[in-house]
Amino acid sequence: MSAVLIPGADAHPAAFCYQVNGSCPRTVHPLGIKLVIYLACAAGMLTTVLGNLFVVFAVSYFKALHTPTNFLLLSLALADLFLGLLVLPFSTIRSVESCWFFGDFLCRLHTYLDTLFCLTSIFHLCFISIDRHCAICDPLLYPSKFTVRVALRYILAGWGVPATYTAFFLYTDVLETGFSQWLEEMPCVGSCQLLFNKFWGWLNFPVFFFPCLIMISLYVKIFVVATRQAQQISTMSKSLAGAAKRERKAAKTLGIAVGIYLLCWLPFTIDTMVDSLLSFVTPPLVFDIFIWFAYFNSACNPIIYVFSYRWFRKALKLILSQEVFLPQTRTVDLYQE
C-alpha cells in the first residue's frame with residue numbers, strides 16, 4: 001500500500017498510528033496511566049508464564065504425576081505458557097498504544113498464534129472433561145479405557161485440529177475467493193484486525209460454544225454421579241474411598257476451571273458473533289477489555305491448582321525449597337496424605 005500523507009498530520013503526529021491516508025486514530029494516554037497499564041499487563045504476563053511453567057515442570061519432573069489426566073494438564077499449561085510468552089507482549093503494546101507497529105507478517109503470525117493457543121485450551125478442557133467423566137462414571141474400566149496412549153492422542157488432536165483450522169483461514173485465500181460477500185474492508189491502517197469478516201465471526205462461535213456445551217453436559221452428569229458416590233462412600237474400603245475422594249476432588253477442580261473459562265471467554269465470543277451482524281461497531285476499548293478478560297483465563301488455572309490440589313502445593317513447595325535437586329525427590333509420592 002502506498003503511503004499518502006494526511007493533510008495536517010505533521011501538526012498532530014500522535015493522533016494517528018501512521019502518517020498515511022486511512023491510518024487508524026491513536027489514543028494517547030498520559031505517561032503515568034501508560035506506565036500503570038504496562039505494569040499491570042506485565043504482572044499478568046509474569047503470573048501466566050510462571051504459574052504455567054510450574055505446572056509444566058511439576059508434571060514433567062515428578063514420576064507420581066505421570067498420569068493421563070496430568071499429561072492433559074501439562075499440555076493445557078503449555079498452551080497457556082506459550083500464550084504468555086509469544087502473544088501477550090505484542091497484545092500489550094497494541095492495547096496500550098492502540099496501534100500495531102510490527103508489520104503485516106507479524107500481525108498475521110500473532111493472530112495465528114493467538115487463535116491457536118486459545119482453541120487448544122478449549123479443546124484440552126473438553127478432553128479433560130471426557131477423562132473425568134470416564135473416571136467418575138465408569139471407574140472400573142477407566143484405567144484400561146483412558147491410558148497414556150489415549151491421552152497422547154487427545155493431545156495431538158488438541159493441537160493439530162486448531163493448528164490446521166487456523167492456518168486454513170489465515171494462510172490461504174479461501175475467505176477472499178469463497179466468502180467475499182462477507183468480508184469487510186479494514187477500517188484503518190494499523191489495527192491488525194485480520195478477523196474483520198462476518199464468516200469468521202459466525203464460524204468461531206460454534207467452534208468455541210459446542211465444546212462448552214459438551215463440557216457442561218458432562219459435568220452435570222459427573223456431579224450427579226459423584227453425589228451418589230458420596231452417599232455410598234461409607235460402605236467402601238479405605239483405599240477405594242480414598243481413590244473415589246481424589247477423583248471427585250479432581251472433577252470438582254476441573255469443573256471450576258471450566259466455569260472460569262466460560263466466564264472469561266463467553267463475552268468475547270458472543271461479542272465477535274454479534275459484532276459481525278452490526279458491521280463491527282464495538283468500540284476498540286471495549287473490544288480490548290473483552291480480549292484481556294479472555295487472556296486472564298490463562299493465568300487462572302495454576303491459581304486454581306494451588307488452592308485445590310494438594311499434590312500441586314507439595315510439588316510447588318519442593319520446587320521453591322530447591323529440594324528438587326535431591327535425587328530421591330523425583331520419586332516422592334505427592335498423593336500421600
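We count residues from 1, following the sequence as given.
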Heavy-atom distance under 4.5 Å between the side chains of Tyr219 and Arg132, does that happen here? yes
Approximate separation, where rounding is to 0.5 Å, of Ile37 CD1 and Ile33 CD1: 7.0 Å
Begin with the C-alpha distance, continue with both residues' side-chain angles, and end with the deciding distance and a verdict on side-chain contact (heavy atoms from CB on, under 4.5 Å) for Tyr142 and Asp131. CA-CA 9 Å; Tyr142 171 73; Asp131 167 73; 2.6 Å; yes
The remaining residues in the hydrophobic cluster of Leu31, counting side-chain heavy-atom contacts under 4.5 Å among Ile, Leu, Val, Met, Phe, Trp and Tyr, are Leu35
What pairs with Thr331 under side chain to side chain donor-acceptor pair (under 3.5 Å), at least two apart in sequence or on another chain? none
Parallel under 30°, tilted from 30 to 60°, perpendicular over 60°: which one fits the rings of His110 and Phe90? perpendicular
Assign the ring pair Phe82 / Trp159 to parallel, tilted or perpendicular, where the plane angle (0 to 90°) is split at 30° and 60°. perpendicular
Shared hydrophobic cluster, Val150 / Leu72 (ILVMFWY, side-chain heavy atoms < 4.5 Å): yes
Cluster membership besides Leu50, Ile/Leu/Val/Met/Phe/Trp/Tyr side chains within less than 4.5 angstrom, sorted by chain and number, is Leu46
Considering non-hydrogen atoms only, spot the tightest contact between His66 and Val59 and give its length. CD2-O, 3.0 Å
Yes or no on side-chain contact (heavy atoms from CB on, under 4.5 Å) for Val55 and Asn301, after CA distance, side-chain angles and deciding distance? CA-CA 9 Å; Val55 176; Asn301 287 335; over 6 Å; no
By ring pair (Phe, Tyr, Trp, His ring centres under 6.0 Å) - contacts of Phe123 (at least two apart): none
Can you measure from CG (Leu109) to CG (Asp114) and round to the nearest 0.5 angstrom? 11.0 Å
Drop me the distance from His133's NE2 to Met215's CE, to the nearest 0.5 angstrom. 14.5 Å
Using side chain to side chain contact (heavy atoms under 4.5 Å, CB included) as the criterion, list what pairs up with Leu39, not counting sequence neighbours. none
Sequence neighbours excluded, the answer for side chain to side chain contact (heavy atoms under 4.5 Å, CB included) partners of Leu156 is none
Over all atoms of both residues, closest heavy-atom pair of Val49 and Gly84: CG2-C, 3.8 Å
Keeping Ser60 on the side-chain end and Phe57 on the backbone end, is there a donor-acceptor pair under 3.5 Å? no
Evaluate the ring planes of Tyr154 and Phe127, with Trp represented by its six-membered ring, and classify them as parallel (under 30°), tilted (30 to 60°) or perpendicular (over 60°). tilted
Is there a path of hydrophobic side-chain contacts, each under 4.5 Å between heavy atoms of I/L/V/M/F/W/Y residues, joining Leu263 to Ile216? no
Please check if any side-chain donor atom of Tyr295 sits under 3.5 Å from a side-chain acceptor atom of Ser91, or the reverse. yes
Side-chain donor/acceptor of Arg330 to backbone N/O of Lys63, under 3.5 Å: no
Checking Leu262, Ile214, Leu76 against Leu125 for side chain to side chain contact (heavy atoms under 4.5 Å, CB included), the one that qualifies is Leu76
Hydrophobic cluster membership, with links at side-chain heavy-atom distances under 4.5 Å among I/L/V/M/F/W/Y: are Phe62 and Leu320 in one? yes
Under the rule for salt bridge (Lys or Arg N to Asp or Glu O under 4.0 Å), what residues qualify as partners of Lys145, not counting sequence neighbours? Asp138
What's the spacing between Leu74 CG and His124 NE2 if we round to 0.5 Å? 9.0 Å
For residues Val332 and Phe325: do they belong to one hydrophobic cluster (side chain heavy atoms under 4.5 Å, members Ile, Leu, Val, Met, Phe, Trp, Tyr)? yes
Quick one: does Thr164's side chain have a donor or acceptor within less than 3.5 Å of a partner on Val161's backbone? no
Under the side-chain hydrogen bond (donor to acceptor under 3.5 Å, both in side chains) definition, can you give me all pairs with a residue in residues 36-50, not counting sequence neighbours? Tyr38-Glu97
By side chain to side chain contact (heavy atoms under 4.5 Å, CB included), which residues pair with Phe296, not counting sequence neighbours? Cys264, Cys300
Rounded to the nearest 0.5 Å, the OG atom of Ser129 sits from the CD1 atom of Ile222 at a distance of 6.5 Å
Do Ser98 side-chain atoms and Ser95 backbone N/O form a donor-acceptor pair below 3.5 Å? no
Looking only at heavy atoms, the pair that brings Ala157 and Pro162 closest together is O-CD, 3.6 Å
Flag side-chain contact, heavy atom, 4.5 Å: Ile122 against Cys212: yes
Within a reach of under 6.0 Å around NZ of Lys221, are more than 12 heavy atoms found that belong to other residues, nucleotides or ligands? no
Closest non-hydrogen atom pair between Cys137 and Val225, with its separation: SG-CG2, 3.7 Å
Heavy-atom donor-acceptor pair, Tyr165 side chain to Leu116 backbone, under 3.5 Å: no
Ala167 versus Tyr112, closest heavy-atom pair with distance: N-CE1, 3.5 Å
With sequence neighbours excluded, tell me which residues meet side chain to side chain donor-acceptor pair (under 3.5 Å) with Thr120. none
Are Leu326 and Leu316 linked, directly or through intermediate hydrophobic residues, by side-chain heavy-atom contacts shorter than 4.5 Å (ILVMFWY only)? no
Any residue meeting side chain to side chain donor-acceptor pair (under 3.5 Å) with Thr67, in chain and number order, not counting sequence neighbours: Asn70
Is the count of non-hydrogen atoms from other residues, nucleotides or ligands lying under 6.0 Å from Tyr171 atom OH greater than 12? yes
Given side-chain contact (heavy atoms from CB on, under 4.5 Å), test Thr92 with Trp292 step by step and report yes or no. CA-CA 9 Å; Thr92 297; Trp292 278 95; 3.2 Å; yes
Looking only at heavy atoms, the pair that brings Thr111 and Thr115 closest together is O-OG1, 2.8 Å
Please test Ser121 against Trp265 for side-chain contact (heavy atoms from CB on, under 4.5 Å), starting from the C-alpha separation and ending with a verdict. CA-CA 11 Å; Ser121 291; Trp265 272 103; 5.9 Å; no
Atom CG of Asp80 and atom OG of Ser75: how far apart are they, to the nearest 0.5 Å? 10.0 Å
Do Asn52 and Leu83 have side chains that get closer than 4.5 Å, going by heavy atoms? no
With sequence neighbours excluded, residues passing side chain to side chain donor-acceptor pair (under 3.5 Å) with Trp311: none
